[in-house]
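No experiment lies behind these values; they were computed from the predicted model shown. Sequence lines set the chain letters: A, B, ... in the order given, protein chains first and strands last, and positions in each chain run from 1.
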Amino acid sequence: MAVFALIDGNSFYASCEMAFNPSVRERPVVVLSNNDGCIVAANAKAKALDQQLIGAQGRSLGSGGYYAATPQSMMYQPYFKVANLLQQHNTAVFSSNYELYADMSQRMHRIIGQFSPHQEIYSIDESFLELSTLPIEDFTHYARELKRRVWKWIGIPVAVGIAPTKTLAKLANHLAKQHAKMEGVLDWTSLSESTRILLLKQVKVGKVWGIGKKLSQKLEAQNIRTAYDLHQASPKSIRRTFSVQVERIVAELNGQACLALNETHADKQNIVSSRSFGRLVSDLDSLKQAVATYTATAAEKLRQQQCVCGRVSVMITTPRFQTQELQYRNVYQIPLITPSDNSALLSKVAIQALQQIWRPEFRYQKAAVILSTIRPKGVVQEDLFTPQANASIKSDALIQVMDQLNHRMGKNTLRLANCGLQRQANWKMKRDHMSPRCTTRWNELLSVRAVH
DNA sequence: TCTGGGGTCCTAGGACCC
DNA sequence: TCTGGGGTCCTAGGACCC
C-alpha cells in the first residue's frame with residue numbers, strides 16, 4: 001500500500017518574510033499579490049487579528065469583497081479596503097517578492113527531497129513524498145525530524161500529513177494545522193477507525209481537495225456537508241450526479257488511491273504571462289511595450305522546457321471593478337504557420353494581435369499573452385515554403401546568446417528593444433512594500449549588526 | 001487612487017475521417 | 001422514399017487548484 005506525505009509551508013510567503021526580518025515576527029504580517037492588489041498570505045498573528053476583528057465587529061476585515069474565499073476571512077480581499085485597519089493594528093505589510101519566495105521554495109523542496117527518493121513538487125510551497133518503500137517504523141517521528149530540519153536550515157515552519165492517498169494526506173495536513181496538540185504532524189495510518197470518523201466529521205466538504213465553491217453548494221443541497229458524508233456517499237450515484245472527478249475523490253477518501261505521485265513534471269501545455277498595470281493605460285505604444293515584455297517572459301519559459309508554440313493570443317481588458325470606466329475586453333489569437341520559440345518573432349505576432357483589438361477610446365488595466373499549442377521542439381514539421389529559413393537560424397542563435405547572458409548576469413541584462421527602455425514606464429506594476437531579494441541579489445544582501 | 005497571476009482537467013459540441 | 005456507426009482531434013467554457 002502506498003503511503004503519501006504532504007508537506008507544505010505554513011503561510012509560506014509570510015514565513016519567508018519573517019525568516020529574514022526578525023523584527024516583524026511578533027507582529028501581524030500580510031503579503032500582497034502583484035500590483036499590491038489583494039492579501040494573499042497572512043501569518044498566525046494576522047489570522048488571529050482577523051478573527052478578533054470579526055468577533056468585535058460581527059464582520060470580517062474585508063466583508064463584501066468579490067474575492068472572498070469565505071465571507072469571514074480577509075484573505076484575497078483588496079488591500080486598499082483594509083489598509084487603514086491593518087495599520088491601526090501595527091501590521092507589517094509586504095508586496096510580493098517572488099524572487100525571494102521562489103528561491104526559498106527551491107531550498108525547502110531540496111531539504112524535503114532528502115527524506116524520500118520519490119518526491120513530487122506540487123506547488124511553490126507543497127511537496128508530496130512517497131514513503132512506503134522506506135524502512136520507517138514511526139511516520140510521526142520521521143515527519144517531526146523533517147519538520148525540524150526545514151525549520152533549522154531555512155527558518156520555514158511546515159506541516160505534514162501522512163496517509164494512503166493524496167486526498168487523505170491533504171486532509172491530514174489540514175487537520176495537523178487545526179489541532180495545536182498535533183504540533184503540525186498527523187499520521188492518518190496510525191489512527192483508529194473511530195478517530196478517523198471523528199476527524200472526517202470535523203472537516204467541511206468544501207475543504208476537501210478538489211471540492212470548490214460550486215461543488216460544495218451542490219453537495220450540501222444533497223445533504224453532503226462534511227468529508228465524512230462525502231466518504232459515505234455511493235460512488236455510482238456521485239458519478240451520475242457529478243463527475244468522475246468527484247467519484248475519484250470519494251474513492252480516495254476511502255483509502256483507495258486513484259492519484260499517483262508525479263515525479264517528473266510534464267511540459268506546460270499553456271504558458272501565460274499577464275500583469276495588471278500600475279496605472280490605467282490608453283496609448284498603443286505603452287501597450288505594445290507591455291505585450292512585448294510579457295511575450296519575452298513567456299517565450300523564455302517556453303525555451304526552458306525546449307518547446308515551441310503554435311499559437312499566440314493577446315488579451316486586453318479595462319478595470320472590471322471600476323464601474324465608472326467604459327468597459328471593454330477582447331482576445332485575439334494568431335496561429336503560427338511554423339511553430340516557434342523565438343522571442344523576436346513571437347512578440348511581433350503578439351503586437352499584431354494587439355493591434356487587432358486595441359481601441360483608442362478605452363483605458364486599459366491589464367494585458368495578457370498566452371502561448372498555446374505547445375510541442376517539443378525537435379519534432380515539429382518545418383514549413384517547406386518559408387523563405388527566410390536562414391534569417392530565422394541567425395535570429396535563434398541571437399536569442400540563445402541572450403538567454404545565456406541573462407542566466408549568467410541576471411534577469412533582463414539583455415532584452416529586446418520593443419520591451420521599452422525606461423526603468424519606470426507607466427504600465428509597470430506597483431510594489432510599494434518590497435522587501436530585499438536577499439538570497440538572490442548581491443546588492444540586496446541582509447546586513448547584520450552586532451549589538452554589545 | 002487602490003480588486004493578482006498561472007496553471008490543470010473534464011465535458012460537450014463541431015469538423016472531419018473511414 | 002430511404003440518410004449509419006464509430007472514431008479522432010480540436011476548441012471553448014466551466015470548475016478546480018495554489
Side-chain angles (χ1 to χ4, degrees), chain A residues 6 8-9 11-13 30-41 61-62 64-69 74-84 86 93 95-96 98 101-102 105 120-128 166-167 170 173-174 205-219 239 242-249 258-259 262 265-280 294 297-298 301-302 305 310-311 313 315 317-325 331 333 335 363 365-374 429-433:
Chain A
L6 174 72
D8 75 343
S11 315
F12 186 68
Y13 298 169
V30 299
V31 179
L32 309 178
S33 64
N34 273 334
N35 224 25
D36 292 346
C38 301
I39 296 172
V40 292
L61 280 176
Y66 180 80
Y67 276 108
M74 70 173 167
M75 293 290 280
Y76 305 105
Q77 295 301 314
Y79 170 60
F80 74 90
K81 287 189 179 175
V82 294
N84 280 335
L86 288 175
V93 176
S95 300
S96 278
Y98 281 103
Y101 310 150
S105 165
E120 172 185 346
I121 296 173
Y122 176 69
S123 76
I124 193 164
D125 72 330
E126 284 172 275
S127 261
F128 284 101
K166 281 178 155 185
T167 304
K170 286 280 274 189
N173 174 290
H174 171 73
V205 73
K207 293 279 179 195
V208 175
W209 192 36
I211 306 294
K213 206 172 166 184
K214 289 278 157 82
L215 279 172
S216 59
Q217 279 172 5
K218 284 188 201 164
L219 287 163
R239 168 87 191 235
F242 297 95
S243 65
V244 265
Q245 293 169 86
V246 186
E247 186 191 20
R248 275 205 278 267
I249 292 168
C258 302
L259 304 170
N262 301 315
H265 61 276
D267 287 336
K268 302 214 182 313
Q269 298 169 27
N270 297 289
I271 296 174
V272 178
S273 177
S274 73
R275 282 299 167 264
S276 296
F277 306 132
R279 270 171 278 171
L280 298 184
Y294 303 168
T297 305
K301 285 189 191 168
L302 186 65
Q305 66 175 38
R311 192 166 62 183
S313 313
M315 191 268 296
T317 174
T318 54
R320 56 185 173 142
F321 296 109
Q322 292 177 41
T323 45
Q324 77 281 9
E325 284 286 327
V331 191
Q333 307 178 351
R363 304 202 300 158
Q365 189 233 355
K366 180 178 179 172
V369 174
I370 303 120
L371 306 182
S372 47
T373 321
I374 289 174
M429 70 176 171
K430 209 164 76 175
R431 291 166 123 183
D432 292 341
H433 312 276

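- Within the 3.5 Å criterion, the main-chain N or O of Lys366(A) finds no donor-acceptor partner in the side chain of Ser276(A).
- In this structure Phe80(A) satisfies the ring pair (Phe, Tyr, Trp, His ring centres under 6.0 Å) test with no other residue, sequence neighbours excluded.
- In terms of position on DNA chain B, the residue among Tyr13(A) and Gln269(A) whose nearest nucleotide sits closer to the 5' end is Tyr13(A).
- Read 5' to 3', the first and last nucleotides of DNA chain C with an atom closer than 4.0 Å to a heavy atom of chain A are dT11(C) to dC18(C).
- The residue Ser273(A) sits close only to the backbone: its heavy atoms come under 4.0 Å of sugar-phosphate atoms, none of a base.
- By the salt bridge (Lys or Arg N to Asp or Glu O under 4.0 Å) test, Arg311(A) is found to be paired with no residue, residues two or more places apart in sequence or in another chain being considered.
- Each of Gly37(A) and Ser243(A) was matched to the nucleotide of DNA chain B holding its nearest heavy atom; the match closer to the 5' end belongs to Gly37(A).
- A donor-acceptor pair is defined here as one N or O able to donate and one able to accept, closer than 3.5 Å; such a pair exists between the side chain of Glu120(A) and the backbone of Asn262(A).
- Listed by chain and number, the residues in a salt bridge (Lys or Arg N to Asp or Glu O under 4.0 Å) with Arg431(A) amount to none (sequence neighbours excluded).
- When heavy atoms are screened at a 4.0 angstrom cut-off, Asn34(A) is found touching the sugar-phosphate backbone but no base atom.
- Within 4.0 Å of Val369(A), counting heavy atoms only, lies no atom of the nucleic acid at all.
- For Tyr101(A), the ring pair (Phe, Tyr, Trp, His ring centres under 6.0 Å) test picks out Tyr13(A), Tyr98(A), with sequence neighbours left out.
- The separation of dC17(B) from dG4(C), taken at their C1' atoms, amounts to 14 Å, rounded to a whole angstrom.
- Counting heavy atoms from C-beta outward, Ser105(A) and Asp125(A) have side chains that stay 4.5 Å or more apart.
- Residue Tyr122(A) is classed as a sugar-phosphate contact, given heavy-atom separations below 4.0 Å to backbone atoms only.
- The strand DNA chain C forms stems, runs of 3 or more Watson-Crick or G-U wobble pairs with distances below 3.5 Å, at B:5-18 with C:5-18.
- Taking the ring axis of Phe128(A) as reference, the NZ or CZ atom of Lys166(A) stays within 45° of it and closer than 6.0 Å to the ring centre.
- Contact annotation for Lys218(A): no contact, since no heavy-atom pair falls under 4.0 Å across all strands.
- Taking CG from Asn35(A) and CZ from Arg279(A), the interatomic distance works out to 11.0 Å, rounded to the nearest 0.5 Å.
- Residue Ile271(A) is classed as a sugar-phosphate contact, given heavy-atom separations below 4.0 Å to backbone atoms only.
- Across all strands, Arg311(A) comes closer than 4.0 Å only to sugar-phosphate atoms, never to a base (heavy-atom distances).
- Residue Gln217(A) is classed as having no contact, given no heavy-atom separation below 4.0 Å to the nucleic acid.
- When heavy atoms are screened at a 4.0 angstrom cut-off, Asp36(A) is found touching no nucleic acid atom at all.
- Among the heavy atoms of the strands lying under 4.0 Å from Leu215(A) are primed sugar atoms or P, OP1, OP2 only; no base atom is included.
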